[in-house]
S.K.: 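This is the structure, below, for whatever I ask next.
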Amino acid sequence: MLDPIILFFLLGIIAGLARSELRLPSQIYDFVSILLLLAIGLKGGVELAQQPFAKLAPQILAVFAMGLILPLFAFPVLRKLGKFKRADAASIAAHYGSVSVGTYAVAIAYLASNDVSFEQYMPLLLVVLEVPAILVGILLARGLSKNMNWGEVAHEIFTGKGVLLLLGGLAIGWIAGPEGLEPIKPMFFDLFKGVLALFLLEMGLIAAARVSALRTYGAFLLVFGVVMPLFSSLFGIGIGLLFDLSVGGTTVLAVLAASASYIAVPAAMRISVPEANPSLSLTASLGITFPFNVLVGIPLYYQMCLWAHSVTGG
Amino acid sequence: MLDPIILFFLLGIIAGLARSELRLPSQIYDFVSILLLLAIGLKGGVELAQQPFAKLAPQILAVFAMGLILPLFAFPVLRKLGKFKRADAASIAAHYGSVSVGTYAVAIAYLASNDVSFEQYMPLLLVVLEVPAILVGILLARGLSKNMNWGEVAHEIFTGKGVLLLLGGLAIGWIAGPEGLEPIKPMFFDLFKGVLALFLLEMGLIAAARVSALRTYGAFLLVFGVVMPLFSSLFGIGIGLLFDLSVGGTTVLAVLAASASYIAVPAAMRISVPEANPSLSLTASLGITFPFNVLVGIPLYYQMCLWAHSVTGG
Amino acid sequence: MLDPIILFFLLGIIAGLARSELRLPSQIYDFVSILLLLAIGLKGGVELAQQPFAKLAPQILAVFAMGLILPLFAFPVLRKLGKFKRADAASIAAHYGSVSVGTYAVAIAYLASNDVSFEQYMPLLLVVLEVPAILVGILLARGLSKNMNWGEVAHEIFTGKGVLLLLGGLAIGWIAGPEGLEPIKPMFFDLFKGVLALFLLEMGLIAAARVSALRTYGAFLLVFGVVMPLFSSLFGIGIGLLFDLSVGGTTVLAVLAASASYIAVPAAMRISVPEANPSLSLTASLGITFPFNVLVGIPLYYQMCLWAHSVTGG
Amino acid sequence: MSANIRTLLTIISESSLENRLVRDVQKLGARGYTITECRGKGARGARDAEWDYDSNIRMEVICSRETALAIEKWLQEKYYDDFAIVVYSDDVNVLRPDKF
Amino acid sequence: MSANIRTLLTIISESSLENRLVRDVQKLGARGYTITECRGKGARGARDAEWDYDSNIRMEVICSRETALAIEKWLQEKYYDDFAIVVYSDDVNVLRPDKF
Amino acid sequence: MSANIRTLLTIISESSLENRLVRDVQKLGARGYTITECRGKGARGARDAEWDYDSNIRMEVICSRETALAIEKWLQEKYYDDFAIVVYSDDVNVLRPDKF
Ligand SMILES: Nc1ncnc2c1ncn2[C@@H]1O[C@H](COP(=O)(O)O)[C@@H](O)[C@H]1O
Ligand SMILES: Nc1ncnc2c1ncn2[C@@H]1O[C@H](COP(=O)(O)O)[C@@H](O)[C@H]1O
Ligand SMILES: Nc1ncnc2c1ncn2[C@@H]1O[C@H](COP(=O)(O)O)[C@@H](O)[C@H]1O
Ligand code: NA
Ligand code: NA
Ligand code: NA
């Protein structure tokens, strides 16, 4: 049975390809994103309270390391096979090393509707994974040039809507605790999937708008946008098994690894690697990888995790 | 007891007439319309799954025919009695042959609060009724001129927000089915009446803004805006009895027939019959007929249906 | 345990001070304010139905009187100690004589989460308190000059979003009654605290943006912004005891008295006392008094009321 | 052909003045106007449209030079002392000059 | 240096025309355009952007004088009779004149 | 009276540059600016403001000719190679020329 939120995404794509004048006003898209980010943060924060932080530290480090390594795999491929300019290769690599909150939201919705539980502190790892790839991307493009304004970059990353609302939500959920959040549950939790549906409707429209760009960039980008997430997902699964997380938790890590950023990274790259062509990386992450993960990737990663766990007898 | 959503409409009218600076930001109005269209579509789609399509075909044809016929009644009246230019008469006729989603929403809310059930596939007939009057209107204005770009017209109609979201909602509801929609219920169903209340608040403001225009266009338009829906409603009731639908279903058909479009048709006319004065037709449908149907028409049509059913022993 | 909505406010302040690019789109802020105003009005209206109006008349008068008196205390202080220009002193005085709906909303949320009940007709007193201080403020600035366009002022006040939606909500709640509002409950009541959380997030951002201005205006404004509400709250408590209201009701009155307007009054002053510097009064009410009341004042007033009641054996 | 030259007057001011500006320019002879929402910064500080109060509007009026001068004069007397406002004007070519 | 002079053509019209205006100006040689949402009032009454139908757009096109004239001519023939529309133009200094 | 002539510099560029443009123009001597949201199309493709990333801003700066030239020069060096940006300028009549 197809999850309705996926159908909303398809509706958006169809409307977009049909050149419909349908649009979610950009302010509503903002609103919807804010709600998603806060809801995800809050959900995670509540659970965080239950967790001994010590237990999480190693996983945080592992995920952070993954964020550093993934771009290092992507970069040479993009340079050699893709023949991309250094700046472009670095920027795209950063996008794929980082993470997409939208994809994460679809993943947890998918697990929920299949009654698969997962470690609830995942939003924390989500935030952790946002950052490292950006640093690597900048270094790959710039080298260790001294006239790089790292302060501005840091500010851009940590005061960006994404990180700030996720961390804010985590903190609020953590402090207020489950019963504290009761009164705001209807807004942030009960409406979650409805809000996600609207978000995906608009994402479908945006993705469709990028398809035309695809032609200009050719087949390599298309292949990369599908193969890279599959490759990355293995790292996520690996970490999941390493810390023997539940099947659900492993799936989430696979999705985090496989997803490509389209908010935090583009913004940071625009400022620190402006010569990189943003439409190139966004076409890859929004036009190819996001739809692939939402429609094919997530269920696939889940199956891979089931299999991996059965094998490793997890 | 007055339904609160009607009170919101009145509040909007009062605020508008008092020249209040109260406004629903246009992006919020967009948002609210999108939610209503999707909710209506989803509701209908769920039921559609239960229906043998064969059973619906005849009703669809009948409703489509009604959409073709109603403008043919309105046109001569507008030309002869109203002394309107051909283009204006054709455009207004098209508005009244088509349908208003807002009025439909109020009607189902009205039936719900009076615990009157109705055939749930009505949203499908709602979509069907949007289209034919537009074609007739164009033909009335243009005749069968060959330099008419029908492709553009079709595109305008079927990729317009209204038709697209209604059909999209229907499809999603149909595929996902009742249990599939559970998780998005809070957003699209539980909030429905609250969203409708906000929608009507803004509609009141918009209607009030048209009242001044009324003076310029004179008494005929006022009379037409009240008499035409009453006349049209008889066709709806007729079809209801013909297929012996429930009292509720017949009432809905009466409302569909009686309501006048203010979204799909104006947009289509602006493109295909630009010489028609849009403010004329919108003053009629928004300034007169919409308020009339919301405040007087709907309960009246319901009474008429009760009576008709008792007579025909339905 | 810290109420999550307070945490949202703090998140907003932190984000603002960190110069984050986080923003609630202004149309969403509008939307959220509209929902709050309507919800507050509706809540009050339902209860109003139960009240014999005669019983309320004296309280209404008392509150109205308080609205007239408070600015008369503030004005000389602002002139003599604050050394403000006449127009500025008058305008600030008017802000503090009037009331802030946002603060009221936080107060009722606070009482609710502490299971403290209060007289539900408070929204009516809230509306009553909006007006008188504006008149006094204008008189303090202008004297009884005849070229004062009172009609325009009245129109500005009564057709302003705040008063109109509160009164509208009260009327609708009153007419529809509890069961009538059932269907719109999910939107206006269940989401109330979630909406309030978003509202406070943005208020935090706005308040933070004013902090810089604070420096320019110096210490006096800071002191006034904290002392004046404390002083005013005593009047509120006094009236509460006078009509021996519940502890909750008395607290609400204290909050109404202590809160400073940032919507109705600035708008009215801009029109009738344009030479007053709006940034001065808004820095006081938004940058100092609103945060003070939300973070410190409300719990404090509640304690004061508990004490007062125990003393007076209420 | 100079017959097609009209004056484009642009007024940038506080949103709270919108109703009065609309009334004023029409009273002074403008046949129409165009308004866009904007934000900005000037002598009276930043007005960054975060909420109703500190948002600006940008009003364009195409009219005869005389009307433009009359409006400028009026605005200067009426609003310059107390409101955030900037006004500038330039000549533009229009089709249908009689329209303005 | 007059080499850097180009024509700035401004079109204010109904939002419903946006798609066609975008198509038209490019067909007639414009290399780009900028659109802002606006509201206003004119011969065809107030269009106060309360909802899709009565909102306006303001379209700016920087182009050569020839292109500007061609666009003006086209708009006049195509839309002036039936749509709310105002067009005006002026010379502006641009960097990279070859760009337009 | 030419004393009242100032330069109106208009910058159309990516929203992501807003903070830096605001900083730059003020550093280079502008006393104020006005920003409107917009969308458009140019050499770097369509930017139709569907979401934060591909939206534009239109920044107007009224200033002395010298300041205008300084800003143009700076923008050209700093942003032309990597960003979607268009700049044009024209003379306008202002009241209170000392203000700019
Ligand atoms: N030099 C300038 N260039 C462009 N716009 C300006 C300038 N100065 C002021 N403005 C605009 O005019 C508004 C009011 O200006 P002011 O009265 O100087 O505060 C500001 O909020 C800006 O939007
Ligand atoms: N004199 C004017 N000055 C500025 N804008 C105008 C003027 N006349 C009309 N407009 C704008 O152009 C649109 C269409 O004008 P019209 O075709 O005269 O109704 C109006 O809605 C206004 O936004
Ligand atoms: N010929 C033009 N006329 C008006 N606006 C333009 C033109 N070319 C570009 N623009 C605007 O400037 C932005 C950046 O242009 P570009 O750097 O050429 O992509 C575009 O997104 C448009 O908003
Ligand atoms: Na990734
Ligand atoms: Na009809
Ligand atoms: Na007060």
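The model shown is predicted, which means the values in this text are computed figures rather than measured ones. Just so it is clear: chains get the letters A, B, ... in the order the sequence lines come, proteins before strands, and each one is counted from 1.
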S.K.: Under a 4.5 Å heavy-atom cutoff, which of A/R23, A/K161, A/E202 has the most pairs with chain F?
M.R.: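 Option with the top pair count is A/R23.
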
S.K.: Inspect the surroundings of CZ in F/R23 and state if more than 12 heavy atoms from other residues, nucleotides or ligands are less than 6.0 Å away.
M.R.: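 More than 12 within 6.0 Å, yes.
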
S.K.: Could you go step by step and tell me if A/R270 and F/L17 meet the side-chain contact (heavy atoms from CB on, under 4.5 Å) rule?
M.R.: CA-CA 9 Å; A/R270 206 76 197 95; F/L17 277 187; over 6 Å; no

S.K.: Quick check on the interface: out of A/P274, A/P25, A/A267, who has the most heavy-atom pairs with chain F under 4.5 Å?
M.R.: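 Sorted descending by pairs with chain F, the first entry is A/P274.
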
S.K.: Is the count of non-hydrogen atoms from other residues, nucleotides or ligands lying under 6.0 Å from F/R96 atom CZ greater than 12?
M.R.: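 Correct, the count exceeds 12.
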
S.K.: Check this for me: F/K27, atom NZ, are more than 12 non-hydrogen atoms of other residues, nucleotides or ligands nearer than 6.0 Å?
M.R.: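 Yes - once you tally the heavy atoms of other residues, nucleotides and ligands closer than 6.0 Å, there are more than 12.
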
S.K.: Checking A/L286 against chain F: side chain, backbone, both or neither under 4.5 Å from a heavy atom?
M.R.: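 It is the side chain, since no backbone atom gets that close.
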
S.K.: What distance do A/I206 atom CD1 and F/D54 atom CG have between them, rounded to the nearest 0.5 Å?
M.R.: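 So the CD1 of A/I206 and the CG of F/D54 are separated by 8.0 Å.
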
S.K.: Is it the backbone or the side chain of A/L282 that comes under 4.5 Å from a heavy atom of chain F, or both, or neither?
M.R.: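 Side chain of A/L282 only, per the 4.5 Å heavy-atom cut-off to chain F.
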
S.K.: Find the distance between CD (A/E156) and CG (F/N19) and round it off to the nearest 0.5 Å.
M.R.: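 Between A/E156 CD and F/N19 CG, I get 8.0 Å after rounding to 0.5 Å.
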
S.K.: For F/Y53 and A/S279, work out which heavy atoms get closest and say how close.
M.R.: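 The answer is OH-N, 3.9 Å.
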
S.K.: Side chain, backbone, both or neither: which part of F/F83 has an atom under 4.5 Å from a heavy atom of chain A?
M.R.: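 Interface part for F/F83: both.
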
S.K.: Within this structure, what is the CZ-CG distance for the pair F/R44 and A/N277, rounded to the nearest 0.5 Å?
M.R.: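 F/R44 CZ to A/N277 CG: 8.0 Å, rounded to 0.5 Å.
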
S.K.: Which bit of A/P278 comes within less than 4.5 Å of chain F, counting heavy atoms only: side chain, backbone, both or neither?
M.R.: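 Contact with chain F: backbone and side chain both.
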
S.K.: What part of A/P266 is in contact with chain F, defined as an atom under 4.5 angstrom from a non-hydrogen atom: side chain, backbone, both or neither?
M.R.: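 Neither; nothing under 4.5 Å.
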
S.K.: Measure the spacing between CD of A/E152 and CZ of F/R20 and express it to the nearest 0.5 Å.
M.R.: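 Rounded to the nearest 0.5 Å, the CD-CZ separation comes out at 5.5 Å.
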
